[in-house]
Amino acid sequence: MFRVAYVNGRYRPYREAMVHVEDRGYQFSDGVYEVCEVREGHLVDERRHLARLRRSLDALKMAAPMTDAALATVLRETVARNRVRNGIVYLQVSRGVARRDHAFPAAHTAPAIVVTARQLDRSRQEREAAEGVAVVTLPDNRWGRVDIKSISLLPNILAKQAAREQGAREAWFVDRDGFVTEGSSSNAWIVAQDGTLLTRPADQGILRGIARTVVLDVVKGHGLRFQERPFTLEEAYRAREAFMTAASQIVLPVVRIDGRPIGRGMPGPIATALRHDFHQYAEVSRA
Ligand code: PLP
């Protein structure tokens with residue numbers, strides 16, 4: 001399969017797509033990113049992803065590499081050139097290329113940008129959602145600004161690897177007070193014993209997931225009982241249902257946490273309905 005990556009103004013064959021050794025993303029993880037779902041060749045929630053990108057850039061005092069309209073063109077062009085029908089498009093912006101020095105480079109340093117796109121196996125994803133997945137939990141040892149979608153992901157990487165080594169799909173972080181924060185690359189939800197849907201408020205303890213925002217709209221549309229409040233690991237163990245959300249997998253039911261079956265140990269009706277109706281509420285770019 002012929003793949004193409006956009007790198008700093010050029011579409012390059014995947015094998016030849018390179019960044020500079022002094023790119024601050026490579027040297028310092030000094031950058032931000034977005035992952036947007038592609039469905040039937042169209043970008044899902046592009047506007048919200050670009051708005052969050054801008055927020056991340058602003059939070060780190062980084063310049064935007066181009067206007068949102070230009071970024072949208074690059075995203076769509078990368079999707080089209082890679083012939084992605086169902087999958088993801090990845091966008092990364094770093095603070096640019098400059099001689100290695102921790103402090104910011106000169107103000108005229110241009111941000112560096114990379115965009116890639118790839119197909120995901122839709123039927124495999126559907127099978128996974130139909131069966132539900134396992135999650136393990138770990139202490140949340142990340143920095144205080146996880147609301148910024150930064151490419152500095154070491155704790156997330158270690159957590160995901162720990163999950164994989166225990167045969168689980170995802171790791172949920174738990175804060176010092178025993179409350180679940182979020183997954184290593186997803187937001188965490190439960191349906192509590194009284195039937196209330198719970199997810200942590202998007203304060204600085206989590207990333208404000210775009211799929212999370214869409215699911216909140218689905219929840220409101222269905223008139224479901226919900227509360228944005230932190231829930232404890234104990235509540236999660238006793239939950240009727242659990243699931244996670246992310247742009248790449250929308251709503252994924254969780255059937256085991258730390259080896260304990262959740263509810264009846266199979267995907268629950270609420271998670272299944274939210275997954276089913278997700279795209280009725282997401283924004284699809286038709287251009
Ligand atoms: N939380 C973390 C730490 C993530 O890395 C992600 C996605 O990568 C999410 C939440 C979900 O965000 P979104 O729904 O925008 O994909």
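Both counts, for ligands and for their atoms, begin at 1 and track the order of listing. Heavy atoms only: backbone and side chains are in, while hydrogens, waters and symmetry mates are out.
Counting heavy atoms closer than 4.0 Å to ligand 1, residue F173 contributes nothing at all.
In this structure, CG in L53 is found 16.0 Å from CZ in R48, a value given to the nearest 0.5 Å. Here the straight-line distance linking atom CZ of R39 with atom CD1 of I88 works out to 15.5 Å at 0.5 Å rounding. Distance check: E22 CD to D101 CG gives 10.5 Å after rounding to the nearest 0.5 Å.
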Item to complete: Start with the C-alpha distance between S94 and D30, add both sets of side-chain angles, then the distance that settles side chain to side chain contact (heavy atoms under 4.5 Å, CB included), and finish with yes or no.
Response: CA-CA 6 Å; S94 86; D30 188 5; 5.9 Å; no
Discussion item. For Y11 and V74: C-alpha separation, side-chain torsions, deciding distance, then whether side chain to side chain contact (heavy atoms under 4.5 Å, CB included) applies.
Written reply: CA-CA 9 Å; Y11 294 94; V74 172; 4.0 Å; yes
Discussion item. Between E182 and R200, is the side chain to side chain contact (heavy atoms under 4.5 Å, CB included) condition met? List the steps.
Written reply: CA-CA 8 Å; E182 62 181 333; R200 192 177 176 103; over 6 Å; no
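Considering A246, A188, S150, S186 only, the shortest heavy-atom separation from atom 9 (C) of ligand 1 involves S186. For atom 13 (P) of ligand 1, the nearest non-hydrogen atom from the set V215, T245, V146, I210 belongs to I210. For atom 3 (C) of ligand 1, the nearest non-hydrogen atom from the set S184, C36, A159 belongs to S184.
In terms of protein heavy-atom proximity, atom 14 (O) of ligand 1 is nearest to A211 N, 2.9 Å. At the top of the distance list for atom 8 (O) of ligand 1, counting protein heavy atoms only, stands K149 NZ, 3.0 Å. Among protein heavy atoms, atom 12 (O) of ligand 1 sits closest to G209 CA, 3.4 Å. Closest protein heavy atom to atom 1 (N) of ligand 1: E182 OE1, 2.6 Å. Closest protein heavy atom to atom 5 (O) of ligand 1: S185 CA, 3.3 Å.
Per-residue contacts place A247 under 4.0 angstrom from the following atoms of ligand 1 (heavy atoms of the residue considered): 13 (P), 14 (O), 16 (O). Taking every heavy atom of Y33 and a limit of under 4.0 angstrom, the matching atoms of ligand 1 come to 5 (O). Those atoms of ligand 1 with a heavy atom of N187 less than 4.0 angstrom away are 10 (C), 11 (C). When each atom of ligand 1 is checked for a heavy atom of G183 under 4.0 Å away, the hits are 3 (C).
Considering L207, I210, V32 in turn, L207 is the only one that fulfils the side chain to side chain contact (heavy atoms under 4.5 Å, CB included) rule with K149.
Few gaps surround CZ on R100; more than 12 heavy atoms of other groups in view lie less than 6.0 Å from it.
Taking any N or O of L207, backbone or side chain, none lies under 3.5 Å from an N or O belonging to ligand 1. Residue-to-ligand polar distances keep S248 apart from ligand 1: every N/O pair is separated by 3.5 Å or more.
The main-chain N or O of I151 is never found under 3.5 Å from a side-chain atom of Q92 such that the two would form a donor-acceptor pair.
Between W189 and F243, the ring-plane angle classifies as parallel under the 30° and 60° cut-offs.
The shell of residues lying under 4.0 angstrom from ligand 1, judged by heavy atoms, excludes R208.
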